[in-house]
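Report on the structure given below.
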Amino acid sequence: MNINKESIRGFLKQCERVLRISKKPDNEEYKTVSKVTGIGIIIIGVIGFIIALLSQVIFYS
């Protein structure tokens, strides 16, 4: 891996560009993202629980 001054400068310019265009989410956007994330976690948990339940029923019956 070849690291030189130009590659470091390019990386820092890209970081600066990302920080310049990013913004802090407002209250409504934060609540929406939190709700969607929570629903996703619950769905994944329910799917995992169903798979564990089915595996116990199938393999221990």
Side-chain angles (χ1 to χ4, degrees):
M1 187 169 174
N2 190 7
I3 298 177
N4 53 24
K5 284 185 178 182
E6 290 82 25
S7 65
I8 294 173
R9 283 189 183 139
F11 175 72
L12 291 176
K13 278 191 169 229
Q14 289 176 354
C15 292
E16 180 185 1
R17 184 173 59 108
V18 168
L19 290 175
R20 217 178 318 122
I21 65 171
S22 61
K23 66 175 181 69
K24 183 178 177 181
D26 60 350
N27 219 6
E28 188 66 30
E29 185 178 3
Y30 183 76
K31 287 180 184 178
T32 303
V33 169
S34 298
K35 288 177 189 176
V36 170
T37 304
I39 290 170
I41 290 171
I42 290 171
I43 290 172
I44 290 173
V46 168
I47 291 171
F49 178 75
I50 291 172
I51 290 171
L53 194 63
L54 287 175
S55 68
Q56 286 184 358
V57 168
I58 291 172
F59 292 119
Y60 294 116
S61 56

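Position 1 is the first residue of the sequence, and the numbers go up from there. Just the heavy atoms: all of them, side chains too, but no hydrogens, waters or symmetry mates, feed the values below.
V46 and L54 fall within the same hydrophobic cluster, defined by Ile, Leu, Val, Met, Phe, Trp and Tyr side-chain heavy atoms under 4.5 Å apart, directly or through other members. Clustering ILVMFWY residues whenever any of their side-chain heavy atoms sit less than 4.5 angstrom apart, transitively, puts I58 in a cluster other than the one holding I50. Residues I39 and I47 share a hydrophobic cluster, clusters being chains of Ile/Leu/Val/Met/Phe/Trp/Tyr side chains in contact below 4.5 Å.
By the 6.0 Å contact criterion, NZ on K35 is open, its count of non-hydrogen atoms from other residues, nucleotides or ligands being 12 or less.
Rounding to the nearest 0.5 Å gives a distance of 10.5 Å between CD of E29 and OG of S34. Atom CZ of residue R20 and atom CZ of residue R17 lie 8.5 Å apart, to the nearest 0.5 angstrom.
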